[in-house]
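Here the structure is laid out as structure tokens; the discussion comes afterwards.
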Amino acid sequence: GKNEYDLLVVGGGSGGLACAKEAAQFGRKVAVVDYVEPSPQGTSWGLGGTCVNVGCIPKKLMHQAALLGSALKDAQHYGWSISQPVHHTWSVMAQGVQNYVKSLNWGHRVQLQEKKVKYFNIRGSFSDPHTVRGVTKAGKETVVTADNIVIATGGRPKYPAHVAGALEHGITSDDLFWLKESPGKTLTPFVFNVSLECAGFLTGIGLDTTVMMRSVPLRGFDQASHISKKNHICFTTQQQMASLVTEHMESYGTKFLKRCFPTKVEKLKSNRLQVTWKNADLDREETDSFDTVMWAVGRAPDTKTLNLEAIGVKTNSETGKIIVDASEATSVPHIYAVGDITEGRPELTPTAIAAGKLLAQRLFGQSSELMDYDNVPTTVFTPLEYGCVGLSEEAAVQRHGSDNIEVYHAYYKPLEFTVAERDATQCYMKMVCLRGREQRILGLHFIGPNAGEVIQGFALGIKCGATYPQMMKTVGIHPTCAEEVTKLHITKRSGLDATVTGC
Amino acid sequence: SVQAHKEEDNPQKTMEVNGLTPVPGSYDYDLIVIGGGSGGLAAAKEAAKYEKKVMVLDFVKPTPQGSSWGLGGTCVNVGCIPKKLMHQAALLGQALEDSRKFGWQFTEEVKHNWMTMTESVQNYIGSLNWGYRVALRDTKVTYENAYGEFVGPHTIKATNKKGIEKLYTAERFIIATGERPRYLGIPGDKEYCISSDDLFSLPYCPGKTLVVGASYVALECAGFLAGLGLDVTVMVRSILLRGFDQDMANRIGEYMKEHGVNFIRQFVPIKVERIEEGTPGVLKVTAKSTAGDQIIEGEYNTVLLAIGRDPCTRKIGLDKIGVNINEKTGKIPVSDEEQTNVPYIYAIGDILQDKLELTPVAIQAGRLLVRRLYAGATTKCDYVNVPTTVFTPLEYGACGYSEETAVEKFGQENIEVYHSHFWPLEWTVPARDNNKCYAKIICNIQDNERVIGFHVLGPNAGEITQGFAAAMKCGLTKEQLDCTIGIHPVCAEV
């Protein structure tokens with residue numbers, strides 16, 4: 001038609017690039033516009049979006065650096081002699097990570113070129129429903145028109161409202177991974193999985209780290225009854241998995257300020273930061289100084305500069321996210337959206353990629369397959385990792401009633417922890433099943449090393465409608481942590497001790 | 001005839017053993033388990049749950065080098081457990097190297113102390129031995145550290161370390177005696193060589209080691225010894241990992257070669273001599289080519305034989321009560337309910353013919369068997385799609401068919417193999433191999449592209465494979481695999 005491109009993708013992140021590359025496979029004329037508005041601290045990055053630049057990738061690499069710190073300690077129990085003291089240099093790690101990320105930026109640009117996808121590094125905004133306009137860094141105005149448009153601009157970290165000095169003096173995950181020098185003594189308020197993961201690896205590389213918690217550690221994740229080894233049962237709401245993760249972090253060295261929220265951040269003459277907060281339990285104001293304050297209070301969809309209202313794309317009034325239907329279509333017929341920007345979807349790279357690909361296949365490949373958002377597995381990469389798939393205990397109880405679900409659980413000890421003399425108190429797993437003849441598995445939760453590797457295959461099983469009897473028929477691989485899943489047999493209901501003993 | 005007195009309920013009861021022995025009317029035990037390993041202990045503990053009177057006999061004949069161990073069988077003492085711990089020690093050595101790239105700083109020189117590691121490992125094993133003895137006591141299973149052999153119907157003779165013999169009778173028996181490493185049958189093998197039975201408690205560093213064999217035992221041991229910094233050579237008669245997917249086996253071998261393990265292919269040792277005493281000393285190995293007349297010699301501190309394992313079935317009196325064994329292999333053929341040709345005698349674990357030699361299989365078989373015997377259950381052990389992992393330096397997890405067997409069974413045109421190399425994220429920064437990790441699935445086109453084989457080569461292969469095995473149990477198809485979202489960033493998402 002009169003539009004220059006068949007498909008224009010706004011946002012070169014996980015979802016956007018996957019969609020663009022898939023569409024190009026069908027021989028379509030595709031363009032991608034990507035732009036990174038520098039953070040308030042001035043940090044910016046290349047093509048690839050959040051995951052590659054300031055998300056999953058650098059996070060997991062720094063998590064690995066921290067895990068290697070533990071490995072160094074373990075190694076001595078296994079006979080390796082290393083001279084003390086051992087210390088960590090931030091800049092060596094940061095450079096390694098940043099170099100790898102840059103290679104990914106480069107890789108993406110090469111791939112777009114190879115697939116003949118046109119790439120514009122401009123901050124685009126809609127001037128009409130088929131047109132996106134933007135200005136390049138060099139100041140040249142560029143206009144791109146397309147029959148179909150996919151918005152995949154993702155999100156950016158929020159700053160807390162009502163905290164004086166938050167914006168001027170604090171950083172976010174957008175900045176953390178690009179710091180050239182160590183963040184030093186760090187405070188990270190509040191608590192979403194991002195701040196727990198970051199606090200986890202910062203502690204692991206030897207930094208003095210404090211997490212400030214207003215209330216619930218991992219909102220949205222499993223929050224079933226808090227089960228210590230002594231009291232069992234009870235389905236009232238408190239955190240279980242979340243508290244096991246934070247309990248481990250506490251024993252690992254991360255400090256927690258619970259039921260506190262910051263009121264102001266000031267810069268001291270020494271360039272350090274003075275933070276003042278309200279301690280809700282003691283009902284008083286407290287203060288301390290830090291080198292870095294890293295905010296992790298959630299992410300906001302990046303739609304401000306798009307000019308969505310002008311072209312009629314509807315967003316959720318509370319979250320600001322774009323409202324889409326099951327086929328990722330927005331309120332404007334030829335405009336779609338995928339990834340973190342969409343309302344009601346998990347904020348995960350693999351779902352964005354899958355949704356983006358399927359969308360391209362529906363638009364240009366005669367497919368009608370819709371994205372299935374059920375049973376998406378995920379992992380939080382805290383020092384002791386937490387992987388899960390399916391329903392949390394609460395959601396299962398809510399949906400089916402506590403009489404209709406059975407929860408099997410176990411505390412286990414990874415073999416590698418034995419010689420290393422590591423504490424396995426929080427290594428735990430539970431399987432939420434329907435009662436009745438079939439005993440279908442509704443959810444699986446695992447806390448321990450390599451949680452992501454463990455959960456992935458089981459996610460497949462749940463996709464296939466796995467039942468408890470099928471799980472019990474599966475022979476374990478010995479010795480691994482994952483095999484304990486196939487041996488789960490103590491129920492929460494029974495109140496019996498769920499500690500795994502011997503093999 | 002010999003008269004034997006028993007201490008328990010019937011102190012006056014005596015029994016004739018030789019000649020025509022009448023089968024006793026009431027037995028000392030409901031069940032006697034011969035062999036206190038993975039399968040035997042699982043079966044015994046399960047039977048005790050149903051309030052049966054159970055006895056376990058376990059005895060370890062010392063190795064030619066004099067090594068012995070406590071209750072728990074191969075897995076706990078000289079198998080899975082110490083193997084994985086030493087593998088972990090080797091992995092930690094690699095982690096030390098990686099950690100420098102992640103910003104950790106310490107001296108260039110890093111050394112490994114064999115004794116520190118071995119002591120820690122042995123201490124842990126000791127705690128497991130102890131744990132088992134306590135568990136048996138708590139479940140009121142009678143345990144005797146004695147060598148059991150059949151002397152007549154329903155009757156077993158137990159000989160302890162001091163040579164004292166006792167007779168016991170039982171209504172039923174489970175044979176779970178497992179296996180021991182095979183020797184080559186060449187001059188010097190028993191005198192100078194060690195096996196996996198000795199390695200994990202070796203009271204000195206093995207030094208420059210020759211590993212003879214190409215089994216997973218050979219490759220796993222060679223792998224971790226090299227990882228600890230030792231000079232290791234593997235002498236292989238023909239192929240690696242017979243019975244496993246050969247494409248994967250070769251990849252494992254390649255990786256080991258690139259990481260410092262030497263391979264001598266198509267040779268077998270014909271003589272081992274000691275040229276220097278010591279712990280370790282120096283051994284001279286003479287080997288002959290299998291493809292010609294070439295003879296080579298080499299000097300090593302230690303020679304580790306890992307050429308296979310033989311079932312402990314030849315000297316337990318099976319002939320006296322008519323239990324059939326495969327004369328060539330020594331393995332016991334059983335029905336799909338683990339019953340031998342003698343109705344009241346069952347067998348589980350490594351000694352079974354045509355079954356997998358794995359701890360979890362033995363445990364599963366033992367438990368299900370006992371439930372069928374005493375709890376009215378009917379479930380049989382499912383030997384299909386049993387997952388396994390080889391803990392070589394690059395770990396290999398597998399479930400289901402190898403590519404060769406799939407082609408053989410279904411025909412090349414009826415299977416589809418999907419595969420991919422992958423680069424674990426954790427290997428990027430330290431610049432480790434970027435095209436070695438590999439995964440493939442084999443699908444049956446005619447059966448809805450059902451996944452019939454799963455293979456993965458990479459870190460934490462065992463953790464990855466377990467869940468896939470569960471999914472395969474549920475009849476996983478390629479389509480279901482495709483629409484399952486990956487966890488990012490992990491290896492398993494590939």
Determine the option with the most heavy-atom pairs under 4.5 angstrom with chain B, choosing from A/Pro377, A/Gly206, A/Gly96.
A/Pro377
Identify which part of A/Met472 has an atom lying under 4.5 Å from any heavy atom of chain B, answering side chain, backbone, both or neither.
backbone
I need the residue from B/Leu85, B/Val110, B/Thr116 with the largest number of non-hydrogen atom pairs under 4.5 Å to chain A.
B/Leu85
Just so I understand: if I count every heavy-atom pair under 4.5 Å between each of B/Gln364, B/Met472, B/Met115 and chain A, which residue has the most?
B/Gln364
Check: A/Thr379/A/Glu385 side-chain N/O donor and acceptor closer than 3.5 Å:
no
The interface call for B/Thr465 against chain A, heavy-atom contacts under 4.5 Å, is both
Under 4.5 Å to a heavy atom of chain B? For A/Val454 that would be both
Identify which part of B/Lys101 has an atom lying under 4.5 Å from any heavy atom of chain A, answering side chain, backbone, both or neither.
backbone
Side chain, backbone, both or neither: which part of A/Ala71 has an atom under 4.5 Å from a heavy atom of chain B?
both
Best-contacting candidate, B/Pro430, B/Gly131, B/Gly462, against chain A by heavy atom pairs under 4.5 angstrom
B/Gly462
Is it the backbone or the side chain of A/Ser81 that comes under 4.5 Å from a heavy atom of chain B, or both, or neither?
both
Counting N and O atoms only, with roles assigned by atom type, does the side chain of B/Trp427 sit under 3.5 Å from a partner on the main chain of B/Asp98, one being a donor and the other an acceptor?
no
Pick one of side chain, backbone, both or neither for A/Thr349, based on which atoms fall under 4.5 Å of a heavy atom in chain B.
side chain
For the residue pair B/Lys478 and B/Tyr418, would you count it as a cation-pi contact if the rule is NZ or CZ under 6.0 angstrom from the ring centre and within 45 degrees of the ring axis?
yes
When you measure from the side chain of A/His77 to the backbone of A/Thr418, do you find a donor-acceptor pair of N or O atoms at a distance under 3.5 Å?
no
At a heavy-atom separation under 4.5 Å, does A/Glu421 approach chain B through its side chain, its backbone, both, or neither?
neither
Taking the side chain as everything from C-beta on, heavy atoms only, tell me whether A/Gln439 gets closer than 4.5 Å to A/Tyr408.
yes
Are B/Glu426 and B/Arg432 within salt-bridge range, i.e. N to O under 4.0 Å?
no
Closest approach of B/Asp382 to A/Val475 (non-hydrogen atoms, all atoms of both residues)
O-CG2, 4.2 Å
Which atoms of A/Tyr373 come close to chain B, meaning under 4.5 Å heavy atom to heavy atom: side chain ones, backbone ones, both, or neither?
neither
Looking only at B/Pro387, B/Ala90, B/Ala95, most heavy-atom pairs under 4.5 Å shared with chain A are made by B/Pro387
Measure distances from A/Leu348 to the heavy atoms of chain B and classify the residue's part below 4.5 Å as side chain, backbone, both or neither.
neither
Bottom line for B/Leu228: the part with an atom under 4.5 Å from chain A's heavy atoms is both
Please classify the contact of B/Tyr383 with chain A as side chain, backbone, both or neither, using a heavy-atom distance under 4.5 Å.
neither
Select one option (side chain, backbone, both, neither) describing which atoms of A/Ile455 are under 4.5 Å from chain B's heavy atoms.
both
Most chain A-contacting option - heavy-atom pairs closer than 4.5 Å, from B/Met117, B/Gln480, B/Lys473, B/Gln105:
B/Gln105
Against chain B, label A/Ile353 side chain, backbone, both or neither, depending on which of its atoms sit under 4.5 Å from a heavy atom there.
neither
State whether A/Arg422 and A/Glu416 are salt-bridged, where the test is any N-O pair (Lys NZ or Arg NE/NH1/NH2 against Asp/Glu carboxylate O) under 4.0 Å.
no
